[in-house]
Amino acid sequence: MKTIVQKVLGAVAVGSLLAVQVPASAADTASKKIALSNNFAGNSWRQAMLKSWEKVTKEAVAQKVVAQAPSFTTAENQATEQAAQIQNMILQGYDAIVVDAASPTALNGAIKKACDAGIVVVSFDGVVTEPCAYRIAVDFKQLGEMQIDYFASRGLKGNLLEVRGLAGVFVDDEIHQGIGDGVKKHPEYKIVGSVHGNWTQTVAQKEVAAILSTLPTVTAVATQGGDGYGVAQAFKAAGRPLPVIFLGNRHDELTWWKEQRDASKYETMSGSIAPGSSTFAFWVAQQILGGAKVPKDMKLPLTVVTQNTLDEALKNTEPGGVVNMEYSQKDVVDFLAKLK
Amino acid sequence: MKTHTVSHFAKWQRWRAGRPWLGSCLAAVLAWAATVFSGQGQGSGELLTVALTFSAFTVLVSLGQMLVISVGPGNADLSIPSSIALSGAVAMLVMDGSNAMIVPGILAAVLVGALVGVFNFSLIRVLSIPPIIATLAGSLIVMSVAIAIGRGLKIKPPPLFSDFMAMRLFGIPLLAVVVLAVSIAIALMLERTVLGRSIEAVGQNDRAAGLAGMRVELTRFWAYVICAALAGLAGALISGFSGGNSLDQGQEYILLTIAVVVIGGTVVSGGAPCVPGIWSAAMFMFLLVAMLNAAGAGPGLRMLLTGLIIIGVIVAASSPGKR
C-alpha cells in the first residue's frame, strides 16, 4: 500500500520535474517542424553555421522539443533559387522557417506567402525586409566602427586600407558605413585604398596585392572577416611591413595571429558573429511556436577575441572553423525575458 | 598616292589578322601605364611582378579552357572552380605539410583534375548532355566531394612549397616561368602534334575532320581531360601560394577564363586557339582591376567599366568582316 503511494508520489514528482524542464513557452512544440533555408555553404563560416544547427537541432529532436529540423542549402547562391526553395517548404508544411537570405528584398514575395500560410519566418544573419518576418540582425555597423576605435585605442596613426566584402550585399554596406563613421570620429586616419575581397581569402590576397604596389605605407587594415589571412599573405609576398590587420575570428586567422604574436609580439583584435547564431534563430522560432511574444527586430551580440583571450579562443575552435558559440534554449529564453 | 595608303592599310590589316593577341596586349600595356600613373608613379615594377604572379594562375586555367572552347561551338568547361577546390584539398591532404610529399601531392592534384575531365566528358558523350550543362552539373558533384573531403578544413602547405611559390628569379616570379613553360608546351602541342592539329580541325568542322579520318570524340576527350588536369595543377599551386586550401579558391575562374580566352583572340566558335593571347589577356584582366582599384572607382562603376572595356577590347581586337 505504502509502496504504491510512494510510487504514485514519485511519478508525480517526476512529472513535475519534467514540467519544470520545459521552460517559459507553455505550449507544446513537440509536433512542430522547423526548416532552415540557407543560401550558401561554400565558406568556413557557413559550414560551421550548418554544423551548429545540426548539432543543436539533433538534440532538440531527440528530446522531443520539436519533431523535425532539417537544413536545406541552395546550390547556386541565387535569390530566385532560394525563393523556390521556400515555396517548397510551404508546400511541405513546415511550421516555421529559419532563413539566412541571399537578398534582403528578393525573397519578400515567397516569405509573405509563407506568413500567409501561417508559417513563422525567422531571418538571421542575412535578414529580410518583409515586415511579417522576424529579424535577428547583427550590428554590422558596430563591427565596422569598433575596428577604427580599436586602432585609435592603440594610438595608431596614418593610412588605412579597407578590405570590403561582396559588392551590393547589405552586410558589406553596413560594415563599410561603420568604418566610415569610425574614420569620421577619428580624423587621424585616412583610407588610402579600398578593395573588394568578396570575403574570400584568395580573392582578398589578389586584390590587396594588386593595389598595394600603388599605395604609400599602410598602418592598419580594416576588414570584414574571413579574409585577414589572405591580406597578411599579400603583405608578406610584397615584402611590406605588416600592418595591424583586424581579423574575423577564423581559425586560420587566429593561428596566424598566434604565430606572429609568439614571433614578434604582434597585437591585434578579432571580431565577428558566431555561426551558432543559427541555433539562436532556431530557439527563437521554437519559442514563437510555443506561444512566446517576441519582438520583430532583435540584435545579436558580436563575439570578440582580444590579445588576452586569443589562446583560449584558439583552443576552443576547431581547425577550419570559426570562433563559435552555440545558444541553448535557456540562453534565448533569458534573452527574450530581458527584452521585455 | 592614294593606292599607296590603301596598300599600307591592307598590309597592316593582314599583319594584324595574323596576330589576334595584339589588341589585348596593347590594352594590358595601357592598363599598366594608367595604374602606374594614378598611383603617382610608385611601384611600377612591383605591380608587374604581382601581375605576373596572379596572371600565371589565370593563364594555367585559361589554357585548358582555350583547348575546350577550340574543339567546337558549345564546348566550355564550367567545372573549373570545383576542380580547383577539390584538387587543392587533395594536394594539401597528400602533402600534409611534409616537404618530401610535394611532388606526389602535385601529381595527385593533376590526377584528380584529369579524373574530373574524364567524368565531364563521359557526361557529355555517354549521356549526351550539352557540355555547358554537363560540366555545370558535374561541378556540383565535384564540389560536394571537395566539401566531404575537406569539410572546409584548411591544411597548410609544406614550407618548401610556399617558398617555391613566392620565389623570384631576377624579379620574375618562378611560378610565371613554370607556367610559361607549360604555355610553350601547349603551343608546340597545337602546332606540331596530331592531337593539336586535330583540335583545330575538329573545331573548324567536325564533320570534315571526321571524314578526313580524325578521331573527333577522342580529340574532344583529350581537350576536356587536359583542361581539367591543368585546373588540378592550378588548384595545388593556388593552395601553396595562399597558405592552404579553401573551398572557394577557384570561384573566380569560371567567367574569368572564358573572358581571357575570348579577349585573347581565340575564336569562340572554335578551331583557332591563340596561346600568346591568353597571356596578354590574363595580364590585362588583372591590370584592369588594379587600375580601377587604384583610381578609387566604386564597385558599381568598376563592374560597368570592366564590362565596357572588355566589349571594347574584343571589338577592337577582332578584324572587321572576319568575326
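Convention: sequence-line order gives letters A, B, ...; per-chain numbering from 1.
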K.L.:
Stepwise, does the side chain to side chain contact (heavy atoms under 4.5 Å, CB included) test hold for Lys206(A) with Val50(B)?
P.N.:
CA-CA 9 Å; Lys206(A) 182 174 173 174; Val50(B) 173; over 6 Å; no

K.L.:
Just checking Glu312(A): does its CD atom have more than 12 heavy atoms from other residues, nucleotides or ligands closer to it than 6.0 angstrom?
P.N.:
no

K.L.:
By a 4.5 Å heavy-atom criterion (distance strictly below it), what part of Thr200(A) contacts chain B: side chain, backbone, both, or neither?
P.N.:
both

K.L.:
Is there side-chain contact between Lys156(B) and Asp252(A), with at least one heavy-atom pair below 4.5 Å?
P.N.:
no

K.L.:
Got a second to check how far Tyr253(B)'s OH is from Thr202(A)'s OG1, nearest 0.5 Å?
P.N.:
7.0 Å

K.L.:
Show me the side-chain donor-acceptor pairs of residues 161-176 of chain B shorter than 3.5 Å, one per line, residues at least two apart or across chains.
P.N.:
residue	atom	partner	partner atom	Å
Arg168(B)	NH2	Ala237(A)	O	3.4

K.L.:
Drop me the distance from Ser194(A)'s OG to Asn293(B)'s CG, to the nearest 0.5 angstrom.
P.N.:
7.5 Å

K.L.:
With a 4.5 angstrom heavy-atom cut-off, which part of Gln205(A) approaches chain B: side chain, backbone, both or neither?
P.N.:
both

K.L.:
Against chain B, label Ala232(A) side chain, backbone, both or neither, depending on which of its atoms sit under 4.5 Å from a heavy atom there.
P.N.:
neither

K.L.:
Pick one of side chain, backbone, both or neither for Ile238(B), based on which atoms fall under 4.5 Å of a heavy atom in chain A.
P.N.:
side chain

K.L.:
Keeping the roles fixed (side chain from Tyr229(A), backbone from Ser242(B)), state whether a donor-acceptor pair exists under 3.5 Å.
P.N.:
no

K.L.:
So what's closer than 4.5 Å to chain A heavy atoms on Phe57(B): side chain, backbone, both or neither?
P.N.:
neither

K.L.:
By a 4.5 Å heavy-atom criterion (distance strictly below it), what part of Glu252(B) contacts chain A: side chain, backbone, both, or neither?
P.N.:
side chain

K.L.:
Among Ala234(A), Gly193(A), Ala41(A), Ala209(A), which residue forms the greatest number of heavy-atom pairs with chain B at distances under 4.5 Å?
P.N.:
Ala209(A)

